[in-house]
S.K.: 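Before we start, here is the structure in question, set down as structure tokens.
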Number of protein chains: 2
Amino acid sequence: MASQALPYRPHNHQACVTQALADARAICRAQNARLTPTRERVLELIWQSHKPLGAYDVLAELTAEGQNAAPPTVYRALDFLQQHGLVHRIASLNAFIGCAHAGENHTGMFLICRSCGNVLELTAPGVSGAIEDAAKAESFKAEDVTLEIAGLCPRCQSETGHD
Amino acid sequence: MASQALPYRPHNHQACVTQALADARAICRAQNARLTPTRERVLELIWQSHKPLGAYDVLAELTAEGQNAAPPTVYRALDFLQQHGLVHRIASLNAFIGCAHAGENHTGMFLICRSCGNVLELTAPGVSGAIEDAAKAESFKAEDVTLEIAGLCPRCQSETGHD
DNA sequence: TCTGGAAATGTTATAATATTACAAATTTTC
DNA sequence: GAAAATTTGTAATATTATAACATTTCCAGA
Ligand SMILES: [Zn+2]
Ligand SMILES: [Zn+2]
Ligand SMILES: [Zn+2]
Ligand SMILES: [Zn+2]
């Protein structure tokens with residue numbers, strides 16, 4: 001069996017964060033986009049863990065740090081990060097998570113554990129292909145796909161199984 | 001080419017509504033669930049068209065009709081209808097639409113036109129299968145799938161093409 | 001037909017998420 | 001350095017959803 005994906009096992013998460021920030025800087029530089037301090041800090045907060053964070057959770061952190069922040073501060077930063085493919089919004093949770101495939105052209109598919117809250121972002125060509133085919137069969141021009149699967153991650157399945 | 005799906009062409013929509021209500025009554029009877037007047041009226045309002053309706057749109061209608069309605073009135077009715085598979089919530093729109101496959105065991109896939117607002121609910125076995133495979137590959141136990149495709153419906157594509 | 005419990009509804013208040021509008025400051029471009 | 005564009009500050013408000021508790025309606029069993 002393949003080793004479990006990152007969110008599902010202990011790992012040096014700081015490495016995830018560092019890598020994500022480095023990627024983000026490179027992507028913004030390449031796109032001539034300004035990763036300002038607030039935007040970068042919001043991205044870092046979003047990457048705090050593999051669990052999605054609500055906009056108002058981000059806001060609370062910024063406020064706690066003494067930043068002069070209001071809802072538009074956060075939503076603007078999140079809009080910027082979304083537009084540059086650095087974070088995703090999870091519609092079924094009204095929350096945001098760092099993109100695990102920033103820079104790659106991809107359709108995110110999210111496995112959301114209802115027990116521990118961790119989210120794994122996948123790129124599944126088979127799924128994307130099947131979706132495109134289904135849309136094409138209806139002559140529908142697909143532009144944006146929201147695909148979110150709620151359930152139990154491997155770790156949480158085994159835990160309940162041991163009760 | 002196959003004829004276009006219902007939402008995308010003129011049709012006797014009242015027939016859709018009548019059928020949906022008849023199906024709902026049968027399903028509730030079979031499940032020993034009470035399709036009370038408010039619940040039935042909410043379902044009928046949701047079926048008003050093939051465009052999703054917000055909870056507060058429903059509320060406004062009920063109020064206009066002189067019903068003594070508050071947000072919980074609507075959300076309770078919607079919860080009931082969702083639980084019995086009669087309506088779906090579209091997470092990316094915060095809105096609700098009548099289920100086009102009530103009674104069938106299905107995973108809804110929604111094609112949402114960003115221009116006209118119509119939504120087509122599909123059942124695509126190929127897509128469901130691919131999603132299950134992808135989840136299984138991560139040892140993830142999928143329980144609930146949110147699949148919403150935003151784009152342009154056939155009608156709206158041809159209109160923009162003629163500009 | 002009474003009656004006790006369950007289910008549904010009424011009512012008020014509030015929580016949680018997101019946007020509008022306009023002013024001020026900063027950065028970039030020329 | 002001035003004009004233009006972008007970003008940020010600030011206050012108010014819109015939109016979506018839920019909590020909490022009282023009241024009513026329904027229905028099964030006595
Ligand atoms: Zn991604
Ligand atoms: Zn889990
Ligand atoms: Zn359905
Ligand atoms: Zn359309």
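Every chain is numbered from 1 and lettered A, B, ... according to where its sequence line falls, protein lines coming before strand lines.
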S.K.: Atom CZ of R39(B) and atom P of dA7(C): how far apart are they, to the nearest Å?
M.R.: 11 Å
S.K.: Would you tell me whether Q19(B) and D23(B) have side-chain atoms, one donor and one acceptor, within less than 3.5 Å of each other?
M.R.: yes
S.K.: Give me the residues of residues 79-91 of chain A where at least one heavy atom lies under 4.0 Å from an atom of DNA chain C, by number, or none.
M.R.: R89(A)
S.K.: Just grab all the side chain to side chain donor-acceptor pair (under 3.5 Å) pairs involving residues 60-75 of chain B, residues at least two apart or on different chains.
M.R.: R41(B)-E65(B)
S.K.: Could you state the interatomic distance from CG (L43(A)) to NE2 (H84(A)), rounded to the nearest 0.5 Å?
M.R.: 12.5 Å
S.K.: Whole angstrom is fine here: how far is it from CZ in F96(B) over to P in dT16(D)?
M.R.: 10 Å
S.K.: Less than 4.5 Å apart, any side-chain heavy atom of H13(A) and any of H50(A)?
M.R.: yes
S.K.: Once each nucleotide of nucleotides 24-30 of chain C is scored for protein heavy atoms under 4.0 Å, what B/S/- sequence comes out, 5' to 3'?
M.R.: ---S---
S.K.: Any non-hydrogen side-chain atom of C116(A) less than 4.5 Å from a side-chain atom of C153(A)?
M.R.: yes
S.K.: Report the distance from atom CG of L78(A) to atom C1' of dT7(D), rounded to the nearest whole Å.
M.R.: 16 Å
S.K.: Calculate the interatomic distance between L93(B) atom CG and dT15(D) atom C1'; express it in whole Å.
M.R.: 14 Å
S.K.: So, does Y75(B) get its side chain near the phosphate of dA17(D), meaning an N or O under 4.0 Å from OP1 or OP2?
M.R.: yes
S.K.: What are the atom names and distances for every N/O pair under 3.5 Å that joins the protein to nucleotides 9-14 of chain D?
M.R.:
residue, atom, partner, partner atom, Å
dG9(D), N7, R76(A), NH1, 2.9
dG9(D), O6, R76(A), NH2, 2.4
dT10(D), OP2, N68(A), OD1, 2.8
dT10(D), OP2, N68(A), ND2, 2.1

S.K.: Nearest whole angstrom, please: distance from the C1' of dG10(C) to the CG of L59(B).
M.R.: 13 Å
S.K.: Which side chain to side chain donor-acceptor pair (under 3.5 Å) pairs, counting each pair once, include a residue from residues 120-129 of chain A, with sequence neighbours left out?
M.R.: H88(A)-E121(A), H106(A)-E121(A)
S.K.: Using a 6.0 Å distance limit plus a 45 degree cone around the ring axis, check whether R155(A) lies over the aromatic ring of Y8(A).
M.R.: no
S.K.: Can you list everything that forms a side chain to side chain donor-acceptor pair (under 3.5 Å) with N94(A)? Sequence neighbours excluded, please.
M.R.: R89(A)
S.K.: Testing the basics here: between E148(A) and A91(A), what is the closest heavy-atom pair and its distance to 0.1 Å?
M.R.: OE2-N, 2.8 Å
S.K.: Between dC26(D) atom C1' and L35(B) atom CG, what is the distance in whole Å?
M.R.: 16 Å
S.K.: Taking the side chain as C-beta and beyond, is there a heavy-atom pair between L93(B) and I112(B) under 4.5 Å?
M.R.: yes
S.K.: Atom CG of N94(A) and atom C1' of dA15(C): how far apart are they, to the nearest Å?
M.R.: 13 Å
S.K.: With a 4.5 Å limit on heavy-atom distance, are the side chains of I149(A) and D144(B) in contact?
M.R.: no
